[in-house]
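A short worksheet on the structure shown next.
In what follows, every chain begins at residue 1, and chains take the letters A, B, ... in the order their sequences are listed.
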There are 2 protein chains.
Amino acid sequence: MPKKKEVHPERTRIGDRIARWTIPREDILDLLIRTQQHLTAKEIYAALNPLNPDMGLTTIYRTLELLDTSGLIRKIYTGDGQARFEYKRADHADHHHHLICSVCGKILNYRDFEKEELDLVRKTEEILARKHGFLIRDHNIEFLGLCGDCRSGGKRSTIPGR
Amino acid sequence: MPKKKEVHPERTRIGDRIARWTIPREDILDLLIRTQQHLTAKEIYAALNPLNPDMGLTTIYRTLELLDTSGLIRKIYTGDGQARFEYKRADHADHHHHLICSVCGKILNYRDFEKEELDLVRKTEEILARKHGFLIRDHNIEFLGLCGDCRSGGKRSTIPGR
DNA sequence: CCTTGTAATGATATCCATTATCATTATAAA
DNA sequence: TTTATAATGATAATGGATATCATTACAAGG
């Protein structure tokens, strides 16, 4: 049976921004939903190419921008010169932040202290709105440091700027 | 009297990484100390060029990487495709985070809730160290949203992806 | 003061992620 | 089916950042 997928329910979340729900869009969103990693455009391309060799890199970039603008995915800058993407669940079920190793670039998700953090964030958002008229839509928290491997290894990074 | 500056005291903080403290290094660090903004390499180039037309862009990039690696300045990615830099005071006196407008790209510093935030961060760092063997060296917190102008204006951004 | 090894610089070329262009294809509604 | 046009993909172009390498200039030892 050839590829024959149901349209993902999330598709409705971008209904007003989009006219046609296509195979590339379905495949890219699908991949991001399934993976735990933070993928770059090229990684997505590499992952989907075997399944759909006709999909070009341009489409990946365009689709990622569409999904990001629509709030379905999040664009992350970890400082290695390329943007990464992760799926953003509507229900905050996977609310987490990042732990980035400055040496090897590894990214860990962390999920502890959600409640306290959310209290703090909410409070901050209130103040910011009052003080600067800023409407908060999202926040990022990231910790930079050395992962276990790089701490013990003590080796130098080959990544420039790290 | 020609330019004749005292070497900035911070110079000692990178003593072991550096052999010579030069005019470009002094000027770049000096500029970052004085400004409240978050400058790109090109903005720094533009600002210093009138004073020192011989300074090339390459030196700016190299010096910024040196200062960043040494922990004197912080590299920030706001998502507009170019890295920005800010001076990082040793005494945490200016501890702050960023408020980024997704439409116009404006960046505000915010400094409220430092104590609670630091408590939370410290606690988190402890857990992360225990759980993942991660040694935290820095953290970033940023809020993304719409600034007052862009809220009321309701105009669309020309910045791709925003 | 000179000399000298070499760190630092700057012009240039290059790299690489991302965007723009535009002809072609394929979707969804009539 | 037909059709208007949204979406795609090959290609070229853009632009921030880095590599290369000959040149300059700093700092230590004479």
Side-chain angles (χ1 to χ4, degrees), chain A residues 3-5 7 11-12 14-29 38-46 48-49 52-70 75-85 105 157-162, chain B residues 2-5 7 11 14-29 38-46 48-49 52-70 75-85 105 157-162:
Chain A
K3 174 183 319 205
K4 182 85 181 303
K5 260 184 267 191
V7 168
R11 180 255 175 279
T12 59
I14 48 177
D16 56 340
R17 293 174 181 271
I18 206 181
R20 298 171 189 171
W21 189 247
T22 61
I23 307 261
R25 288 169 184 189
E26 177 73 22
D27 285 352
I28 291 169
L29 179 59
H38 311 81
L39 301 176
T40 66
K42 294 221 166 148
E43 286 166 353
I44 292 171
Y45 179 79
L48 296 182
N49 192 57
N52 186 354
D54 292 334
M55 196 187 311
L57 193 52
T58 308
T59 298
I60 311 260
Y61 278 109
R62 262 189 306 230
T63 303
L64 289 171
E65 192 199 317
L66 175 74
L67 296 175
D68 180 40
T69 306
S70 307
K75 196 172 184 178
I76 310 167
Y77 304 90
T78 59
D80 64 350
Q82 50 198 327
R84 295 177 175 275
F85 298 86
S157 167
T158 55
I159 304 171
R162 292 195 170 177
Chain B
K3 173 183 318 207
K4 181 84 182 302
K5 262 184 264 189
V7 167
R11 179 255 176 276
I14 46 177
D16 57 339
R17 292 174 181 271
I18 208 182
R20 298 171 190 171
W21 189 246
T22 62
I23 308 262
R25 289 169 184 188
E26 177 73 21
D27 284 353
I28 292 170
L29 179 59
H38 310 81
L39 302 176
T40 66
K42 294 221 165 146
E43 285 167 353
I44 293 171
Y45 179 79
L48 296 181
N49 193 58
N52 185 354
D54 292 335
M55 196 187 314
L57 193 52
T58 309
T59 299
I60 312 259
Y61 278 109
R62 261 189 306 232
T63 303
L64 289 171
E65 192 200 317
L66 175 74
L67 295 175
D68 179 39
T69 306
S70 307
K75 197 172 184 178
I76 310 167
Y77 304 90
T78 60
D80 65 349
Q82 49 197 327
R84 294 177 177 275
F85 298 86
S157 167
T158 55
I159 304 171
R162 293 194 170 178

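- Within the nucleic acid shown, Thr58(B) comes within 4.0 Å of at least one base atom, counting heavy atoms only.
- Remark: P of dT19(C) and CG of Leu64(A) are 10 Å apart, rounded to the nearest angstrom.
- Protein atom CZ of Arg20(A) is 6 Å distant from nucleotide atom C1' of dA28(C), rounded to whole Å.
- One can place CG of Leu39(B) at 15 Å from P of dG16(D), the figure rounded to the nearest angstrom.
- Between Asp68(B) atom CG and dA17(D) atom C1' there is a gap of 14 Å when expressed in whole angstrom units.
- For Pro24(A), taking side-chain heavy atoms from C-beta onward, the closest of the listed nucleotides dT8(D), dA17(D), dA19(D) is dT8(D).
- Leu66(A) contributes atom CG, which lies 11.5 Å from atom OG1 of Thr59(A) (distance to the nearest 0.5 angstrom).
- Looking at which nucleotide of DNA chain C each of Asp54(B) and Arg84(A) is closest to, the 5′-most match is held by Asp54(B).
- Counting non-hydrogen atoms under 4.0 angstrom, Arg62(A) reaches a base of the nucleic acid.
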**Asked** Run the salt bridge (Lys or Arg N to Asp or Glu O under 4.0 Å) check on Arg84(A) and Glu43(A) step by step: do they pass?
**Response** CA-CA 9 Å; Arg84(A) 295 177 175 275; Glu43(A) 286 166 353; 3.4 Å; yes
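- Here the side chain of Lys42(B) is nearest to one of dA17(C), dA8(C), dG16(D), namely dG16(D).
- Listed nucleotides dT18(C), dT8(D), dA17(D) differ in distance to Tyr61(A); the shortest reach to its side chain belongs to dT18(C).
- Leu67(B) places its CG atom 12 Å from the P atom of dA8(C), with the value rounded to the nearest Å.
- Distance Tyr45(A) OH to dA10(D) C1': 11 Å, rounded to the nearest Å.
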